Amino acid sequence: MANLGTATILIALLLAAYSSVTSFVGAKRHDAPAVVSAQRANYLVTLTLAVSMGALVYAFLENDFSIRYVAENSNLAMPRVYTWVAFYAGNAGSLLYVAFALSGMAALSMALAHGRLGELRPYANGVLMLILLFFLLVLFFLANPFATLERAPADGQGINPLLTHPGMFAQPPLIMTGLVAIAVPFSLAVAALLRGRIDDDWVDAGRVWGLAAWVLLAIGLLLGSWWAYTILGWGGYWAWDPVENAAFMPWLALTAFIHSIMVQKRRGMFRMWNIALINISFTLGAFGIFINRGGPVPSVHSFGASTLGWVFLTFLGVVTVASFALFFYRMAVLRSPSNLESTLSREAAFLVNNLLLLGIAFVTLWGVVFPLISELATGQTITVGEPFFNTVNGPLMLALVLLMGIGPLLPWRTATWQSVRRALLVPGVITLALTAVVTLLLRITLPVVVLGIAVSTFAGVSILQEWVRGTLARSRSTGALWPAAFAQLVASNRPRYGGYVVHIAVVMLAFGIVGSSFYSVERDVFLTTGEQATIGEYTIEFVDVTSETFADRTERTALLAVTRGGRSLGTLAAWQGVYPSFSMISTRAGIRSTPQEDLYVIFSELQPDGQTAAFRLLVNPLVWWMWLAGPFVILGTVIALWPTRQRAAAYAVPPSPSAVPGAEVA
Amino acid sequence: MTIIVITLLVLVTIVALVYPFWAARHGGVSFNDPARDLEAGIRRARNRVYEEIRALQQEYFLANMTEAEYRTQLQTARRRAAELIREQRQVRETTAAIEDRVDAELRDVLPGGGSGKEES
């Protein structure tokens, strides 16, 4: 398997190099056979890397410890189900996965672009293959997952215990795929720059692939938060950790891009801005890979120690300089045919949204790089903690949610203050009423929480108002029943209404963050079996603890009975695993989750008597809504990406131009 | 096993990469058609304009814009669509005229003619 794996990586490397060079040469010389041949090489890279992936999976399944990577990331006691997780538990495996994911997306994007991108396609293919070539060179020369040991050990070192979690089956691949997926819209933008004719040809494909990368990162970030919430044993879900931030920053820039690209699609504006945004997104994605795989800063999410920092830093430097140099070189042809007509328009709202998103991204970037800069400058690492991020990013995020409510109510091009006041009146009044009721009922005294509730409610109400207004109007005009009218409304403009579904998810997230950040209750207790403790309205009784020993770990499960107001709510199981070879205790919280709040119990420690244990108890309000946001994000993106059927008439050439309405005016 | 898989991969690769050049040289497949590319570009631009008109109608339908704004923007989009249709027609007519001229010249030069149209 080692030989097969190494040989296929080499073949993939040669194919990517061939595809890139032939694409650029073919595009420049208008040599169609060369372009087709280069395209086929792109498809073959995916096939070849699939064989390589299969070889490594097979080596894991066969416990082939002669391969260093297999020996370092699995052992005989590892449950077979975690083979897939072990695959990317270290640097070399994850790089192979990254290369495969990138090649798959490069092949798919170029296949789907057939006949749609015209002359852009070979340039985009060339750029994609060049990026892929970098990863393949690193894989072949610096991090070969098929490198062998002189003598195979009898057993491997095992998988990092923190990775043995259901969330890990999907989260790392989603984040890695999301980060490299940005390469597709980036390559389209660079292709437009290289060709030197900047029109809107790349916009549709750029938007689709930008959204694809965005949703992969969004779900990856949510799954990562869920993983941290359930396994890290601190009761939180987001700590502004460098690796979390590394995926968050390109996601923010992409969020700006997928909004801004709609303005170019709709009005032909922001051409220069969109190219800059996708450059920034890709640069931040490359920075994310540097943080993830280069290992310059410690993180709870880093599992593979790495000496490859300089390689990824070089890649980051080259990508940044090259993409922006090309951008400035072509600046003259990037100007949009139309300009912003008014600061009171949807385009202006999109622009402010973009600036806020980039503001949050750059604040986060500063927080991530500051420890590196301080270490370089003073020799001491000064860590930037949660308070900095929360204090600076919190108000920016609140402004963003507010804008999410205002933006959809503004018309394109221009509006008057009077029409804006009229549009904001109904959602504004409803918001004030709801906020007042909630504040009084829950006796909320913190102004920041009242503001958070008001802003989130406003965003939610304005979206609901758009839906209700549209549904009623359609129902009136077509006579359709409300559900049918609603379905017709969504189908009539999928990008818009899909976007609104995602906005609802953001409102859910906002409520979850406000609730859990300001009203979380925490208590540490020692309990002997049969004893009780209370937190909030809950009473928890430590019923029993069971132990089971495996070759590499001892698993302990504490059983707790939960009651509220004298009524039994069932039992919770809080779990911990002791891994002597890793000197690590891994926990899995017992969670009772409801829309109102989570009761969260961590089994921290078992005393030598085997009957007394330390527990951390938490009540986290509204966290349930954050996890519900995930399916809404996916649903909204699917709606937004669902292809619109082009009417046959749109493709037909009418008998004479004069027969076309408006033609005589031209 | 390894040798077989690698040999197979290399063979498939060589065939797949070399075939386009071979096919072009032996006239089996026609690759270059600038007129078709140009027309496709215009069609894409037209579809974008139609999409814009659809979005515009929806904004108006939802009362997000005034009658006057709607009329002005619709008129601009329709003008653009008409321009693109005219461009598309020109490309088609020019291409057809060039093909007819090539056929005519071939008929003069070659004893049996060279027109694909005649053969079909």
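First the proteins, then the strands, lettered A, B, ... as listed; each starts at 1. Please read all numbers here as calculations on a predicted model, not as lab measurements.
- Contacts of A:Leu472 with chain B are absent, with no heavy-atom separation under 4.5 Å from either backbone or side chain.
- Taking CZ of B:Arg48 as the start and CD of A:Gln264 as the end, the distance is 9.0 Å to the nearest 0.5 Å.
- No part of A:Ala423 comes within reach of chain B, as not one of its non-hydrogen atoms sits under 4.5 angstrom from that chain.
- Proximity to chain A is limited to the side chain of B:Leu9, based on heavy atoms less than 4.5 angstrom apart.
- No more than 12 heavy atoms of other residues, nucleotides or ligands sit less than 6.0 Å from atom CD1 of B:Ile4.
- In this structure, no portion of B:Val49 lies under 4.5 Å from any heavy atom of chain A.
- Contact of B:Leu56 with chain A is made through backbone and side chain together, with heavy-atom distances under 4.5 Å.
- In this structure, no portion of A:Ser19 lies under 4.5 Å from any heavy atom of chain B.
- Annotation for B:Ile6 and A:Ile11: closest pair CG2-CD1, 4.1 Å, computed over non-hydrogen atoms.
- Interface residues of residues 39-52 of chain A toward chain B, defined by a heavy-atom distance below 4.5 Å and sorted by number: A:Arg40, A:Ala41, A:Leu44, A:Leu47, A:Thr48, A:Val51.
- Your options are B:Val5, B:Leu17, B:Val10, and the one with the most heavy-atom pairs under 4.5 Å with chain A is B:Leu17.
- Contacts between A:Arg496 and chain B at a heavy-atom distance below 4.5 Å involve the side chain alone, from C-beta outward.
- A:Thr8 touches chain B through its side chain: at least one heavy atom from C-beta onward sits under 4.5 Å away, while N, CA, C and O do not.
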What do the steps show when you test A:Asn493 against B:Arg54 for side chain to side chain contact (heavy atoms under 4.5 Å, CB included), and what is the final call?
-> CA-CA 8 Å; A:Asn493 192 344; B:Arg54 248 199 319 271; over 6 Å; no
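- Interface check for chain A: of the options B:Met1, B:Arg80, B:Glu52, the most heavy-atom pairs under 4.5 Å are formed by B:Glu52.
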